[in-house]
*Asks:* 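Here's a structure for you.
All ligand and atom numbering here is 1-based and tracks the order in the structure.
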Amino acid sequence: MIDSVRRYYDENAEREWERLFRDPYHMLEFIVTMHFLEKYLPKEGLILDAGGGPGRYTIELAKKGYDFVLLDLSQKCLEIAAREIEKAGVKRRVKRIVEGSVTDLSEFDDESFDAVLCLGPLSHLIEREQREIAVQELVRVAKKGAPIFASVINLYGVFRTVLQELPHEFIDPSHEEMFSKGIHRVSWHKHEPGKGFTDAYFFHPNELRELFEKNGVETIEMATCEGLSSHLQEETNQIYEDKRKWKFWLNILLRTCNDPCILGLGEHLLYVGRKI
Ligand SMILES: C[S@@+](CC[C@H](N)C(=O)[O-])C[C@H]1O[C@@H](n2cnc3c(N)ncnc32)[C@H](O)[C@@H]1O
């Protein structure tokens with residue numbers, strides 16, 4: 001299963017590098033995540049970016065003076081990360097680039113990082129046990145009191161995406177597991193190679209919170225990355241053209257993105273906790 005996820009990100013590595021900057025709508029994920037990173041990261045220290053892909057967050061935060069270990073499943077994403085880290089002039093800040101899985105961080109000692117990021121990978125572990133192991137590993141390598149940031153794909157956000165883009169999936173029997181258990185399988189696309197998403201698990205916000213809390217983490221805050229803009233791509237991209245309106249809307253998004261009444265609606269969900 002992990003092999004198909006690796007293959008997907010190897011094949012889509014350049015697209016993954018572009019993803020967060022495709023258009024203003026997609027930039028919201030980066031803007032909101034950076035907002036919370038800047039709010040809760042310590043002033044300095046060594047950060048593990050687990051599942052950091054081509055390194056957007058590693059690079060942005062390395063420019064601000066943090067040291068990094070970047071880990072990812074995809075060799076191709078890591079090659080792009082190495083290229084972009086060099087280009088950005090932050091090579092001395094990135095101590096190691098490691099190919100590996102969040103489910104096995106055994107090459108790192110307990111309590112070795114001042115902060116841990118896991119932005120994406122938990123939504124690619126379709127077995128519950130694997131998600132548990134990954135969270136235990138992320139918590140183990142964090143220092144006591146260190147912030148832990150995790151982002152995942154929102155279950156109800158996916159339902160709304162299907163309504164918007166793929167309504168035939170509602171009545172496709174092979175997709176039943178997605179609506180009942182939040183599981184998407186790459187095997188559904190076996191007749192259209194190279195198409196469709198890879199293995200994925202979509203979370204309800206309460207489940208993400210519980211997963212961390214039962215593994216020694218105190219919840220600080222949760223937020224939806226696209227918030228009130230979620231699924232309104234055209235409208236969001238349009239408002240970007242007028243910088244005053246864009247600034248106004250961003251303020252509203254940042255003010256409301258942690259409101260429990262909309263947490264589950266956005267496409268992506270961010271969890272911020274602290275190791276107890
Ligand atoms: C949606 S991308 C996010 C990349 C980056 N964290 C970001 O937010 O821009 C998900 C990343 O998680 C990686 N990934 C998926 N499963 C993983 C696992 N078990 N261990 C480590 N990385 C994994 C993928 O290779 C991919 O680079």
*Asks:* Report yes if some heavy atom in the side chain of Leu138 is under 4.5 Å from a heavy atom in the side chain of Val217; otherwise report no.
*Replies:*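 The answer is no, as the side chains (C-beta and beyond) never meet within the 4.5 Å cut-off.
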*Asks:* Parallel, tilted or perpendicular: which one describes the rings of Phe179 and Phe159, with boundaries at 30° and 60°?
*Replies:*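 Tilted, since the angle between the ring planes falls between 30° and 60°.
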*Asks:* Residues two or more places apart in sequence or in another chain: which of them pass side-chain contact (heavy atoms from CB on, under 4.5 Å) with Ser101?
*Replies:*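 Partners of Ser101 by the side-chain contact (heavy atoms from CB on, under 4.5 Å) criterion, ordered by chain and then number, come out as Ile2, Leu73, Thr103.
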*Asks:* Are Tyr57 and Met34 packed together at the side-chain level, in the sense that at least one heavy-atom pair is separated by less than 4.5 angstrom?
*Replies:*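 A side-chain contact exists here, since the closest heavy-atom pair is under 4.5 Å.
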*Asks:* With a 4.5 Å limit on heavy-atom distance, are the side chains of Leu269 and Pro205 in contact?
*Replies:*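 Leu269 vs Pro205: side chains touch.
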*Asks:* Distances under 3.5 Å, N/O of ligand 1 against N/O of the protein: list each pair and its distance.
*Replies:*
residue: ligand 1; atom: 6 (N); partner: Gly51; partner atom: O; Å: 2.8
residue: ligand 1; atom: 6 (N); partner: Leu119; partner atom: O; Å: 2.7
residue: ligand 1; atom: 19 (N); partner: Ser101; partner atom: OG; Å: 3.1
residue: ligand 1; atom: 20 (N); partner: Val102; partner atom: N; Å: 3.0
residue: ligand 1; atom: 22 (N); partner: Leu73; partner atom: N; Å: 3.4
residue: ligand 1; atom: 25 (O); partner: Asp72; partner atom: OD1; Å: 2.6
residue: ligand 1; atom: 27 (O); partner: Asp72; partner atom: OD1; Å: 3.2
residue: ligand 1; atom: 27 (O); partner: Asp72; partner atom: OD2; Å: 2.8

*Asks:* Let me confirm one number: the CD1-CG distance from Ile133 to Leu105, rounded to the nearest 0.5 Å.
*Replies:*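 Rounded to the nearest 0.5 Å, the CD1-CG separation comes to 11.5 Å.
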